[in-house]
Amino acid sequence: MKYRQNSGPAEMSYFRLNLLSYLRDSHPDKASDHSFVDTRGDAAAEAYSDAIKSGLNHIEAGEIANEVLFKGLHFSPFNTLVEILWNEFSDEVNPKTTREKAIQLLPECQPIFSKYDINDDFKDTADYQLLYTEITGTILNTLENELQ
């Protein structure tokens, strides 16, 4: 069942709802992209259906659908910002406002993220430490400029 963009979540498929929930938590900048949610949710539903038709059980089909649903979304620039704020700036940024601060910082840090070949396994690479250091410096500069 296709939902209209202005219709409520009650009309959304399980996969679309699951993706939307994940995006709100880990990629808030993508959560309002209805086309992305529709396309990815429909692809996951189709992958699930095809897996069931091919004889896989519901758990196996769900794993295949989740691969389609979350491909390219396992690494989150937003969550990286939150982690850096918690780890490096807990004295400067109130833990209750960390998510809001990360949303504010995301556009400013986006050019740094775009310099790296970010994929689902990026956090396990040597480049992640370089990114972490660059983002930490950018946040430090931003916080210092806000105090002036």
TODO: Compare every heavy atom of Asp117 with every heavy atom of Phe122, then report the nearest pair and how far apart it is.
DONE: CD1-O, 3.7 Å
Task: Salt-bridge criterion met for Asp38 and Arg16 (N-O under 4.0 Å) - done: yes
Task: Salt-bridge contact Lys53-Glu46 (side-chain N to carboxylate O under 4.0 Å) - done: no
TODO: Indicate yes or no for a side-chain donor-acceptor contact from Ser54 to the backbone of Ala51 under 3.5 Å, with no hydrogens or angles considered.
DONE: yes
TODO: Give me the ring orientation class for Phe70 and Tyr22: parallel if the planes are under 30° apart, tilted from 30 to 60°, perpendicular past 60°.
DONE: perpendicular
Open item on the list: Determine whether a donor-acceptor pair (N or O, by modelled atom type, separation under 3.5 Å) exists between the side chain of Thr97 and the backbone of Val93.
Closed with: no
- [ ] Kindly say whether Glu134 contributes a backbone atom to a donor-acceptor pair with the side chain of Thr138 at under 3.5 angstrom?
- [x] yes
Task: Test item: Ile103 and Leu106 side chains (from C-beta on) under 4.5 Å apart, heavy atoms - done: no
TODO: Using modelled atom types only, decide if a donor and an acceptor are shared between the side chain of Asn145 and the backbone of Asn141 within a distance under 3.5 Å.
DONE: yes
Open item on the list: Can you tell whether the side chains of Glu92 and Lys101 come within less than 4.0 Å, N to carboxylate O?
Closed with: no
Open item on the list: Please determine whether residues Leu105 and Tyr132 belong to a single hydrophobic cluster, defined as Ile, Leu, Val, Met, Phe, Trp and Tyr linked transitively by side-chain heavy-atom distances below 4.5 Å.
Closed with: yes
Open item on the list: Angle between ring planes, Phe15 versus Tyr48, binned at 30° and 60°: parallel, tilted or perpendicular?
Closed with: tilted
Task: Shortest non-hydrogen contact from Tyr116 toward Asp127 - done: CE2-O, 3.7 Å
Task: Side-chain heavy atoms of Phe89 within contact of Leu140, under 4.5 Å - done: yes
TODO: For residues Leu23 and Pro28, determine if any side-chain heavy atom of one lies less than 4.5 Å from a side-chain heavy atom of the other.
DONE: no
